[in-house]
Student: 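Attaching a single structure in structure tokens format; questions to follow.
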Amino acid sequence: AVPSQAMLSRVLLCALVASSNAFLQPSSFLSSSLKPSSSSSRAISHRSPLSLLNMHGGEHLSAAQKKALEETAAAIATFGKGITACDEGPGTIGDRFEKVGIENTEENRRLYRQMLFTNPVGPDYLSAAILDPETIFQKSDDGVLFPELLSKRGIVPGVKPHLKVYTLPGTAGETVMQGLDSLNVRCKEYYDAGARFAKWRSPLTIGKDGKISSLAIKTNMEDLARYALICQDEGLMPIVEPDISLEGDYDLETAIKVNVEVQAHLYKAMIDHGVYMEGATLKPNMVNPGKQCTTKYTADEIGQATVTALRRVMPAAMKGVNFLSGGQSLENAAARLNAINKAKGNSPWNLSFSWSQALQLPLLDLCKKNPKGSDLPLEEMAALLSDELKIAGAAARGEYTPKAGEGDHVFK
């Protein structure tokens, strides 16, 4: 007898159910190969049968490790607060000091960072601070290590663990960041000193053809993924920073396309490496046209472009995005961040700031009126910083009111 269509359907359904059950129940080989050896130093949480479907979700981390990473990411993604990026090395901050007549000494660097970390309104507008390795081990006037001082104020301390930029041979000046060697050793040291997150910057440049080479994208994004994997294993929540330069004449449409391409490679690399996405944070550039672009764009158009790029590729599992300022003035950066939050819609991420130059360059400008070699005008700097943080906080809430033209891109 020929089986009916209904009978064939029932047989097929039973076969599919049996196949699914067989897949969801690990074989003895898979089950044993995934179990840690008895000599493993890490506590691995019990795996449910469905855990085989989550191999790329930080499966190597314990439940306690994941919880700590996710809590740090959530704390940094506090609504209305952002990150103060104070991770310039002695050479970089020294150049800024010398331009305004301040002597580049370790004590001046310590006093300057102490002013940044002890601002009276800091806890109202800052969720985190990125420190240079030198600053991690410096102390306040009261003898308190800066990471401990920040933690007591409710500001999560983090560190920049990468080293120097290296130009890739055979390219038109494209670069990669160095520092993966012995990164785990440095991360252990920074964690023990009180840091709870790290930040790694990978600078990229859009060429005259409107593209970034596949080599530069792949190399940098895979480095970011390896860095994130190592950081998580050592207890530091990784902030990944693909930084696309504003240099060039590319238009806003090109900027959207390239940012989507770069971030798509980044998330793919992170997932392939087994990074726990819920315990990671993104620090990207805003999606701007190149500085030499002759087409005018409003702050609202830039805000919409930035949100568009995120919505096309960014995982909802990640809690926050903290935009770098990238050489923008405080007023332009605030106007654009405000526009980004206005365009956010139902996007699941907290969209805020992680600014260095936008906040710090106006503070250093206060030194110019004094004779060369004068002391830092710390009280005056602290007062201006308070006003700046209020602007940044308002932009992070989408409540900043920019002046006419602020945040617009106009070729000069």
Student: To the nearest 0.5 Å, what is the distance between NZ (Lys291) and CG (Leu246)?
Tutor: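 That separation rounds to 6.5 Å.
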Student: Salt bridge check: are Lys66 and Glu278 linked by an N-O gap of less than 4.0 Å?
Tutor: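 Salt bridge between Lys66 and Glu278, a charged N being under 4.0 Å from a carboxylate O: no.
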Student: Output the distance between atom CG (Leu363) and atom OH (Tyr112), rounded to the nearest 0.5 Å.
Tutor: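 Leu363 CG to Tyr112 OH: 5.0 Å, rounded to 0.5 Å.
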Student: Is the shortest side-chain N to carboxylate O distance from Glu331 to Lys403 below 4.0 Å?
Tutor: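 No, no charged N to carboxylate O under 4.0 Å.
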Student: Could you report the tightest heavy-atom contact between Lys283 and Ser354, atom names first, then the distance?
Tutor: NZ-OG, 3.0 Å
Student: Who passes side chain to side chain contact (heavy atoms under 4.5 Å, CB included) against Ala195, sequence neighbours left out?
Tutor: Ile136, Val159, Tyr190, Leu236
Student: For Ala358 and Glu388, which heavy atoms make the closest approach, and how far apart are they?
Tutor: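 The pair with the smallest heavy-atom distance is O-OE2, 4.1 Å.
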Student: For the pair Arg96 and Thr92, evaluate side-chain hydrogen bond (donor to acceptor under 3.5 Å, both in side chains) and give the outcome as yes or no after the intermediate values.
Tutor: CA-CA 7 Å; Arg96 294 181 187 176; Thr92 301; over 6 Å; no
Student: Measure from the side-chain N and O atoms of Asn341 to the backbone N and O of Leu337, and report whether any donor-acceptor pair falls under 3.5 Å.
Tutor: yes
Student: Sequence neighbours left out, what passes side-chain hydrogen bond (donor to acceptor under 3.5 Å, both in side chains) with Asp408? Give chain and number order.
Tutor: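 Not a single residue meets the side-chain hydrogen bond (donor to acceptor under 3.5 Å, both in side chains) criterion with Asp408.
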Student: Got a donor-acceptor contact below 3.5 angstrom from the Asn285 side chain to the Ile244 backbone?
Tutor: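 Yes: the side chain of Asn285 pairs with the backbone of Ile244.
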Student: Test of understanding: with side chain to side chain contact (heavy atoms under 4.5 Å, CB included), list the residues that count as partners of Asp209, not counting sequence neighbours.
Tutor: Lys211
Student: Please confirm whether the backbone N or O of Thr298 pairs with a side-chain atom of Glu301, one donor and one acceptor, at under 3.5 Å?
Tutor: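 Present.
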Student: Please report the interatomic distance CD1(Ile83) to OG(Ser352), rounded to the nearest 0.5 Å.
Tutor: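 Output value for this atom pair is 7.5 Å.
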Student: Heavy-atom distance under 4.5 Å between the side chains of Phe97 and Arg109, does that happen here?
Tutor: yes
Student: Could you check whether Asn119 and Ser386, counting side-chain N and O atoms only, form a donor-acceptor pair closer than 3.5 Å?
Tutor: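 Judged by distance alone, the side chains do pair up.
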Student: Among residues at least two apart in sequence or on other chains, which ones pass side chain to side chain contact (heavy atoms under 4.5 Å, CB included) with Pro315?
Tutor: Tyr267, Met277, Met318
Student: Does a salt bridge link Lys257 with Glu261, judged by any charged N lying under 4.0 Å from a carboxylate O?
Tutor: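 Here Lys257 does not pair with Glu261 in a salt bridge, since their nearest N and O are not under 4.0 Å apart.
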Student: State plainly whether the residues Asp141 and Arg110 are in salt-bridge range, i.e. N to O under 4.0 Å.
Tutor: yes
Student: Apply ring-ring contact (aromatic ring centres under 6.0 Å, His included) to His162 and list each qualifying residue two or more places apart in sequence or on a separate chain.
Tutor: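 Testing His162 for ring-ring contact (aromatic ring centres under 6.0 Å, His included), a comparison that skips the adjacent residues, returns Trp200.
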Student: Please identify each residue that fulfils side chain to side chain contact (heavy atoms under 4.5 Å, CB included) with Pro377, with sequence neighbours left out.
Tutor: Leu366, Cys367, Asn370, Glu380, Met381
Student: Checking Lys99 side chain against Leu364 main chain: does a donor-acceptor pair fall under 3.5 Å?
Tutor: no
Student: For Lys268, is there an ion pair with Asp272 - N to carboxylate O distance below 4.0 angstrom?
Tutor: yes
Student: Please report the interatomic distance CD(Gln263) to CG(Leu310), rounded to the nearest 0.5 Å.
Tutor: 5.5 Å
Student: If we only count heavy atoms from C-beta on, is the Lys81 to Leu126 side-chain gap below 4.5 Å?
Tutor: no
Student: Could you report the tightest heavy-atom contact between Glu406 and Ala335, atom names first, then the distance?
Tutor: O-CB, 3.4 Å
Student: Mind listing the closest non-hydrogen atom pair of Leu324 and Gln328 along with its distance?
Tutor: O-NE2, 4.0 Å
Student: Do Leu131 and Asp87 come within less than 4.5 Å of each other through their side chains, counting heavy atoms only?
Tutor: no
Student: Would you list the pairs meeting ring pair (Phe, Tyr, Trp, His ring centres under 6.0 Å) in which at least one residue belongs to residues 296-349, sequence neighbours left out?
Tutor: none
Student: State which residues pass side-chain hydrogen bond (donor to acceptor under 3.5 Å, both in side chains) with Thr294; sequence neighbours excluded, sorted by chain then number.
Tutor: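 If we apply the side-chain hydrogen bond (donor to acceptor under 3.5 Å, both in side chains) test to Thr294, skipping adjacent residues, there are no hits.
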Student: In the structure I gave you, are the side-chain heavy atoms of Glu379 and Met115 within less than 4.5 Å of one another anywhere?
Tutor: no
Student: For residues 146-157, which residue pairs qualify under side-chain hydrogen bond (donor to acceptor under 3.5 Å, both in side chains), counting only residues two or more places apart or in two chains?
Tutor: Glu148-Lys152
Student: Do any pairs count as a salt bridge (Lys or Arg N to Asp or Glu O under 4.0 Å) and have a residue in residues 342-367, sequence neighbours left out, and if so which ones?
Tutor: Asp365-Lys368
Student: What's the separation between atom OG1 in Thr118 and atom CG in Leu149, rounded to the nearest 0.5 Å?
Tutor: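 The OG1 atom of Thr118 sits 7.0 Å away from the CG atom of Leu149.
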Student: What residues form a ring-ring contact (aromatic ring centres under 6.0 Å, His included) with Phe197, not counting sequence neighbours?
Tutor: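 Phe197 satisfies ring-ring contact (aromatic ring centres under 6.0 Å, His included) with no residue once adjacent residues are dropped.
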Student: Could you tell me the separation between the CD atom of Gln138 and the CG atom of Leu145, rounded to the nearest 0.5 Å?
Tutor: 10.0 Å
Student: Looking at the rings of Phe146 and Phe137, which for Trp means the six-membered one, are their centres under 6.0 Å apart?
Tutor: no
Student: Could you check whether any side-chain N or O of Asn322 sits under 3.5 Å from a backbone N or O of Gly82, counting only pairs where one atom can act as donor and the other as acceptor?
Tutor: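 Not a single qualifying donor-acceptor pair exists.
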Student: Could you tell me whether a side-chain N or O of Gln360 sits under 3.5 Å from a main-chain N or O of Ala85, the two making a donor and an acceptor?
Tutor: yes
Student: Could you name each residue pair satisfying ring pair (Phe, Tyr, Trp, His ring centres under 6.0 Å) that touches residues 382-412, not counting sequence neighbours?
Tutor: none
Student: Taking Arg226 for its side chain and Leu180 for its backbone only, find out whether a donor-acceptor pair lies under 3.5 Å.
Tutor: no
Student: Any idea which heavy atoms bring Ala264 and Val313 closest together, and the distance?
Tutor: CB-CG1, 4.0 Å
